[in-house]
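Please read the structure below before turning to the comments.
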Amino acid sequence: MSAPTAPTKGSGLAWVGRSLRRVEDPALLTGRGCFTADLSAAHRVRFVRSSVAAGRIENISIPENANVFTAADLAAVKPISPALHKFGYIPVAQPVLASGFVRFVGEPIAAVVAASEAQAEDIADSVSIEIGEAAPVIDARAALADGAPQVHAEAARNVVVEGKMETPGFNAARKAAHRAVTMEVRSRRQNATPMETRAGHAAFDPVTGRVTLTCATQMPHLMRTAIADLIGMPESELRVIAPDVGGGFGQKMSLVPEYVVLVWLARKLRSSVAWTEDRRENLMSSFHSRDQYVRLEGAFDADAKFVALSAEVVANVGAYSCYPTTCAVEPLMAMAELPGPYDVRAYACIARGVLTNTCPMAPYRGVSRPVITMALELLIDAAAAQFGLEPVEIRRRNLIEKFPYTSATGLVFDEASYRQTLDIASEKLDLPAFRKRQQCARSQGRYHGIGFATFSERTGYGTPAFAARGMGITPGWETVELAMDPSGDLELRIGASPHGQGLRTTLAQLVADELGVAPDKIKVVHGDTDRTPYGWGTFASRSLVIAGGASVLAARKVQSKLKKIAGRLLETAADDIVFEDGTARVVGTDRALPIEMLARAAYHQAHLFQGELDPAISETATYDPPGTFSNACHACIVNVDPDTGRVIIERFVVAEDAGRLVNPMIVDGQVLGGVAQGIGNALLEEIVYDDTGNILTATLADFLPPTSREIPPIELFHLETLSEATITRSKGLGEGGTIGAPAAILNAINDALTPFGVAINEIPATPQRIRAALRQARKTIA
Amino acid sequence: LSERSEITLTVNGQAHCIRVEPRRTLVDAIREDCGQTGTHIGCEHGVCGACTVLVDGAPVRSCLMFAVQADGKEIRTVEGLANGEELNALQRAFMEHHGLQCGFCTPGFLMLITGVLEREPDIGDDELVDVLASNLCRCTGYQNIVKAVRAVAGELRRRRSV
C-alpha cells in the first residue's frame, strides 16, 4: 500500500510527526479482519436473562434433553467482587449467573448450549423462569430516599461508595465571596455502543488442558487473571486473545460475566463454545454509564474570580460493581477532577455511588468528565450572565496559567495551553461578529447561540494516580518487549491492547526514530496473553503515552546493544556509532554497517562479544509515568428552532493541545470520533427505563447514535505544548472529544434560548426537552 | 420452519450451493454457509448497516433479507472489492483519508457506497452525506468517511466529463 518514502539521511525525528497510513487498514478494508464472531465453534451459547428488575428466582424449568446451565451448576465459581479500600466502599458481589436474586433486567440467569445459534435461541425461549417480583428502584435519587428498596442487603440506603473532601478554610472563603451561583445538571444514561457487540469464543485443548478465550476485550491480561481467579484454575491454563476488536470506548474493559461462563463451559464440555451478543443484549445488559446528578455552587469575588466551589455528585452505578475499576470510578473521578482547569482554591465535594436495579455502570470514554465538565461550564456561563461578562472573558479570568499547578484536590497540572485554545476558538468563531448576527437573527425570529467549553483531560497516568483511589487492583504501568531477529526485523510485543487506535502504526513510528530504521521493519504484536508481556490494556487515553514511553525505553536499550556490537565490528567506541537509514555509521565518517549485519552477528557470531554481551537482541522495558493533562477548548454555534426544539450545529471548533503528535492523522481521527460521540451524548443518546425497570431503548431505532447527518464538519486546530511529564512528550487525547462537546453544545443552546428565559441543564437536550422547557416558560410568564 | 431448502448464492462470482432453513438470514448464510466473514453483523434489525451487501447491484441490509430470497441472485461483498492484493479506488481513499478506525462498520460502508456510486455516479456532495446516514460508525465521526467518498465521487465525475 502507499509506503511512505524513506526520510532523508540524518533527518533526526523523521517518522514521528508524520501522518503515516495505518498498517491496520488493508486487512480491515478487504474483509480479512478477524473479529471474535468470525470464529466457528462446536457449540453456540445463548443466555437466558431476567425480564424483571428485582426479585427472587423461585424456579427454573428446563426443557428435556436441553443443555442448560445455571448458577447451581457453577456453584464453585466465585462471584465478581472487585475491591476498593477507601471511601467506605462496600464490596457487593455479582454471581456470573444470577443466584437466588435478580437485580436488573437483562441479568444472565442461565446459559443454553446447542449446536447452532438458532437452536440455542429456540431452547432459550422455552426455558421458563419464575421470579417472585420485588419492588425495584431505578433512579439514583429515589434510591437514596428513606424507605427505598435496598438493592444489596449489605449496602444501607444503596450507597456503595461515598467520597468526601473539603479544603481547609472552605467555609470562610465561600462566605467572603461576592456572589454565589448554583447549577444543577442531570446526565441521562448512555451506552457506549461499539459497532461490534461483545463476543467470546472459548476453546478447550484436550492435549494441553488449556483453554483459549478469544474475546472482544480491551484488557486481555486482566481477563485472564480475573477468570482464572473466579474459576479457581491455574492462570497458566488460560490464554486470552483479543483479535480485531470492533471498538470498545470502555465498554470492553470490564470483566464480562458471560466470558467467565464460556471458559467454564469449554472446560466442562472439553470443547469449543461461542457467544455473540445481539444488539438488544448489548443495549440492555452490557455496561451503561453517565447516569448522574451534579449540583454545584460556585462563589466568585467582585471581579468574577472563582474563589470557592462546592459539589454534590450522585452517580447511579446500577446493580453491581464492575471489575477491575469498581463502580467507584465515576463518582471518585468526579470528585478529584471537578474543579477542572480553573484556579479555585476552596473546594468541597461529596460524591456518592448509588446502587439501583439497572444495568451496571462501567467506564465509558470520558468517564464522568463529560458530566462534570458540563456542570462546571454551565455554571461558568451562568456566572458570566450574572456578572454581565462574555463567557470567554470570565474563563480568561479564571483559567490556570502558571505551571506546574497543584489543584485543590492535589492533582499536578503540567504545562498546557488553556487560555490559548480558548482564544483560538473564540477567534475562529469571530465572537464579536457572531453577536451582531445573533441580534439581527433574533429580530427575525431565528435563534442562534454560541457556547464554549474549556477543559483538561487527565491522561497517561500510572500507578500513583490509581493507588490514590485505593483500588484493590492498581493499574498504571505498561511493559513492552522489543526483539530483533537475526534478519534485523523487529518485533514489539505490548501489554496494551488497541482496538481501533492504530497503535501498530504509531508505536512503530516511535521505535523507528530511536533505531534509525523504517517503521515497516517493526511488527507490533498485541492482544495475546501467550505472546505479550503482562499489561493493563488500552483505556484511559494511556496507550500512546505509556506503552509508547515503554517502547522508546526498550528501543534505547536495543540501540545501546547495537552500538556496542557495531563499535566492536567497526573497531571504534560504541559512543561513536549513529543510526540512520537502517545502518550503523561511525560518526563523521562513511564507515557503516547495515543493521542486518549487527543482528546477524548478535546471534551467529556471539563468540566475538563473549564476556561483554549476551547473545541475541531482546530487551524489556517498563514505564509508569505520573500522568499528564492534555487540554482543549470546544466551541460551537447552534441554531435552535423554538417551534420544534430542533438543534442544528452550524459550526463546531476544537482547539486542542496533546503535546507532540506522533501521527497527526490518527490524532485528528480520535478527536473527530470523540466529538461525534459527545454530540450524540448532548443531543440524542439516552437509555430509558420505565418505573418497573424495564428498558425502553433496546434497539438502535430507540437509542440513537448520531449519523453523518447530525455531525457537522469539525474545525480542528492543534497546539503542541510538549509534555515534560512523558517520555514521548505526548499527552493522551482519546477521550477529550466526548468531554467538551456536551458542555459547549448546552451552553450554545442556552445562549440561543436567552430571549425565552429558558435554560436546559439536562442531556441529551432532545427536542422534547427543549419544547417542554419553552412551554413551561410560557406558562410561567402567562 | 426447520425444513431446509437448497439454494444457490453467487457471492463475488462464486456459486455456493447451500441448504438453509427458511428463517436463515442472508447475512448468516454469507458468513456461516459461504464462509465469507468480511460482512459483519451490527444490530440484526436493519438500522446500523454493518451487514450491507450488494444484491443484484443494490445495497441491501443482509440481516433483513432471508437467504432464500437471494436464491439465484448475484451477491457482492467486501471480499470482492480488491483485485488480489491491490485495493480499489474506494478502499484506497478510505486508507488515505483515515475513514476507518476499528474497521467493524467499514465493509458495510464500502458496499453501500459502491452500490450508490455505480447507480448514481453524479451524486452530489450533500446527497452523499444523506446516503451515508444510512449506516452507523462509532469511531470516526463520519467526517473522514465523507472526505474519502467525496474524493472518489469527484474522481468519477472528472473521468466522466473528460
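Chain A is the first sequence line, chain B the second, and so forth, proteins listed ahead of strands; every chain is numbered from 1. All figures in this text were calculated on a predicted structure; none of them were measured in a lab.
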- May I ask you to check whether A/Thr506 and A/Gln509 show a side-chain donor-acceptor distance below 3.5 Å?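 Side chains of A/Thr506 and A/Gln509: no pair found under 3.5 Å.
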
Between [options], which has the largest tally of heavy atom pairs under 4.5 Å with chain B?
options	result
A/Gly31, A/Gly500, A/Ser708	A/Ser708
A/Thr197, A/Ile711, A/Thr193	A/Thr193
A/Arg32, A/Met195, A/Glu117	A/Met195
A/Arg709, A/Met665, A/Gln119, A/Glu196	A/Arg709
A/Glu24, A/Gln501, A/His499, A/Arg22	A/Arg22

Between [options], which has the largest tally of heavy atom pairs under 4.5 Å with chain A?
options	result
B/Val129, B/Leu132, B/Thr106	B/Val129
B/Asn144, B/Asp28, B/Leu136	B/Leu136
B/Glu32, B/Glu79, B/His40, B/His45	B/His45
B/Val146, B/Val131, B/Asp130	B/Asp130

- Item | Check against side-chain contact (heavy atoms from CB on, under 4.5 Å), B/Val152 and B/Glu155 | CA-CA 5 Å; B/Val152 173; B/Glu155 182 59 31; 5.6 Å; no

- Quick one: which of B/Arg76, B/Arg119, B/Met111 gives a side chain to side chain contact (heavy atoms under 4.5 Å, CB included) with B/Pro59?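 Going through the options one by one, the only one that passes is B/Arg119.
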
- Item | Nearest heavy-atom neighbours spanning A/Arg365 and A/Gln670 |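 Shortest heavy-atom separation between A/Arg365 and A/Gln670 comes out as NH2-O, 3.1 Å.
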
Under a 4.5 Å heavy-atom cut-off, does chain A meet the side chain of [X], its backbone, both or neither?
X	value
B/Leu110	side chain
B/Val78	both
B/Gln143	side chain
B/Ala82	side chain

- Task: In plain terms, say whether B/Asp125 and B/Arg157 are close enough for a salt bridge, that is, a side-chain N and a carboxylate O under 4.0 Å apart.
- Result: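 Looking at B/Asp125 and B/Arg157, the cut-off is met.
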
- Name all residues meeting the ring-ring contact (aromatic ring centres under 6.0 Å, His included) criterion together with A/Phe652; count only those two or more places apart in sequence or in a different chain, and write none if there are none.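 Testing A/Phe652 for ring-ring contact (aromatic ring centres under 6.0 Å, His included), a comparison that skips the adjacent residues, returns A/His634.
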
I'd like to know if the side chain of [X] reaches the main chain of [Y], judged simply by a donor and an acceptor atom lying under 3.5 Å from each other, with no hydrogens or angles considered.
X	Y	value
A/Gln251	A/Phe287	yes
B/Tyr142	A/Pro706	yes
B/Ser62	B/Val53	no
A/Lys252	A/Arg198	no

- Let me see the working for B/Arg150 and B/Leu128 under side-chain contact (heavy atoms from CB on, under 4.5 Å), right down to the final yes or no. CA-CA 8 Å; B/Arg150 282 182 176 161; B/Leu128 268 178; 4.3 Å; yes

May I have the list of side-chain donor-acceptor pairs in residues 676-684 of chain A shorter than 3.5 Å, sequence neighbours left out?
from	atom 1	to	atom 2	distance (Å)
A/Gln677	OE1	A/Tyr364	OH	2.9
A/Gln677	NE2	B/Arg138	O	2.9
A/Asn681	OD1	A/Arg290	NE	3.2
A/Asn681	ND2	A/Gln190	OE1	2.9

Pairs of donor and acceptor atoms involving the side chains of residues 35-42 of chain A, under 3.5 Å and at least two apart or interchain, shall be tabulated with distances.
from	atom 1	to	atom 2	distance (Å)
A/Asp38	OD1	B/Arg31	NH1	3.1
A/Asp38	OD1	B/Arg31	NH2	2.9
A/Asp38	OD2	A/Phe35	N	3.0

- Message: Is A/Val245 in contact with chain B via its backbone, its side chain, both, or neither, using a 4.5 Å heavy-atom distance?
- Response: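 A/Val245 touches chain B through backbone heavy atoms alone.
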
- Just checking heavy atoms, which of residues 276-284 of chain A are less than 4.5 Å from chain B?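 Contacts with chain B: A/Asp278, A/Arg279.
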
